[in-house]
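Okay, so here's the structure we're looking at.
So you know, we letter chains A, B, ... as the sequences are listed, proteins then strands, and number each from 1. Computed from a predicted structure; not experimentally measured.
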Amino acid sequence: KAGVTQTPRYLIKTRGQQVTLSCSPISGHRSVSWYQQTPGQGLQFLFEYFSETQRNKGNFPGRFSGRQFSNSRSEMNVSTLELGDSALYLCASSLRQAKGTGELFFGEGSRLTVL
Amino acid sequence: AQRVTQPEKLLSVFKGAPVELKCNYSYSGSPELFWYVQYSRQRLQLLLRHISRESIKGFTADLNKGETSFHLKKPFAQEEDSAMYYCALTNAGGTSYGKLTFGQGTILTVHP
């Protein structure tokens, strides 16, 4: 069974630009979560999608957005990039449909550098 | 608010020695606790969760609600245990939906 796939793996942008990151979950997983990982703040929850609906959202500004498609693939977008957005963005998928959080299966991440 | 604290950023032990990675949490509701691990050049993966009450790769962790702790223990460390370990918390049975609150992580190094 293929794992969670994230693209691109690395990218460099300049301040003010926008970026879109993609995540393909494990087949059969309908829940997709996104996390930001930085040396200073560690792993922080961005949002979670299930059946194309955002069910939960972390404390990030509106510049961070996401969506999920009918095939469970998900994208996240960051607009008007700031230097502080430089981070590893991790996607995780889960089988669990009901309340709570099941085991999360993480991708390798997309490393974003903002210059 | 929920918070997870891993007081040790770095932990070094020798092979065969016992190891304990500390995790304390702050949460007003009913918590579900996890340990995730990231080995070198691998992705973050679940090691164990408190509701399973399993021993995985010789590691165990007991949820102590009185002390709000979920320490990870192994009686005899192996070199292959060297990795970054994260303690994580979520709301058991609530509307957490994919949200885990992670500690800052502990880098465990097991020397030969």
A:L104 vs B:Y36, side-chain contact (heavy atoms from CB on, under 4.5 Å): CA-CA, chis, key distance, verdict: CA-CA 10 Å; A:L104 297 184; B:Y36 277 79; 3.5 Å; yes
Exceeds 12 heavy-atom contacts within 6.0 angstrom, atom CD of B:E80: yes
B:F14 atom CZ, over 12 foreign heavy atoms within 6.0 Å: no
A:Y35 OH to B:K99 NZ distance, which is reported to the nearest 0.5 Å: 8.5 Å
Chain B contact via A:V32 - side chain, backbone, both or neither, heavy atoms under 4.5 Å: neither
ILVMFWY network linking B:Y85 to B:L63, side-chain heavy atoms under 4.5 angstrom: yes
Chain A interface, residue from B:L44, B:L46, B:T101 that has the most non-hydrogen pairs under 4.5 Å: B:L44
Residues in residues 37-46 of chain A near chain B [non-hydrogen atoms, under 4.5 Å]: A:Q37, A:P39, A:G40, A:Q41, A:G42, A:L43, A:F45
Main-chain N/O of B:G98 paired with A:R55 side-chain donor or acceptor, under 3.5 Å: no
Connected via hydrophobic side-chain network under 4.5 Å: B:F76 and B:L21: no
Over 12 foreign heavy atoms within 6.0 Å of NZ, B:K73: no
Neighbour count >12 (heavy atoms, 6.0 Å) for atom CZ, A:R73: yes
same_hphob_cluster(B:L33, B:F102) at 4.5 Å side-chain heavy-atom cutoff: no
Greater than 12 external heavy atoms within 6.0 Å of A:R15's CZ: no
Beyond-backbone contact of A:E103 with B:R49, side-chain heavy atoms, under 4.5 angstrom: yes
Spacing of A:F105 atom CZ and B:R43 atom CZ [to the nearest 0.5 Å]: 11.0 Å
Hphob cluster co-occupancy, B:M84 + B:V4, side-chain heavy atoms under 4.5 angstrom: no
